[in-house]
Amino acid sequence: MIALGCDHAGFELKEAIKEHLSNKGIEITDFGTYSTESVDYPIFAYKTAKAVASGECEYGILCCGTGIGISIAANKVKGIRAAVCSEEFSAEMTRRHNDANILCLGGRIISKETAIKLVDIFLSTPSESGNHKRRIDLISDIENNIEIG
Ligand code: RB5
């Protein structure tokens, strides 16, 4: 199950991604927003991020104007590693090296075609172990107020 969320500026992108994933037979939960009427992105970041952090959804995809505000909000939820990407290399590497669980995209930055490419890369790339796992564990330590370094 893939969680989708957006604000008004990411709505069109979210709809395109929703259609693409549905066509591929991938199950999604759409946490809104459901129109281009102005809304506050933290609300949709929070709903989507909670669904991923709880395990209800495996990954999340969030869209706002730049992808930045919605990623900052999502990253406040414990267990979330949300990454803003606008090109293919980052979408691949944030899965391989950061084990990112939410992909954030900017509806005012990238085209629908690029967004769909990034979504496909993100959802099909595994995370790597070794050094990368150790660093992700250190990120969790920061989240849990454990002193590091
Ligand atoms: C909304 O105008 C815009 O600020 C929002 O979509 C996002 O880009 C924030 O980071």
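For this chain, numbers begin at 1 and follow the sequence in order. In each ligand, atom 1 is the first atom listed, and ligand 1 is the first ligand listed.
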Basic-acidic side-chain contact under 4.0 Å: K133, D99: no
Under-4.0 Å salt bridge between E143 and K78: no
Backbone of F44 reached by a side-chain donor or acceptor of T48 within 3.5 Å: yes
Audit row: L103, V84, side-chain contact (heavy atoms from CB on, under 4.5 Å) steps and yes/no: CA-CA 6 Å; L103 174 66; V84 188; over 6 Å; no
Close-range residues for ligand 1, whose non-hydrogen atoms fall below the 4.0 Å threshold: D7, H8, A9, Y41, C64, G65, T66, G69, R108
Parallel, tilted or perpendicular: ring planes of Y59 versus F122, cut at 30 and 60 degrees: perpendicular
Enclosure of E87 CD (heavy-atom neighbours >12, cutoff 6.0 Å): yes
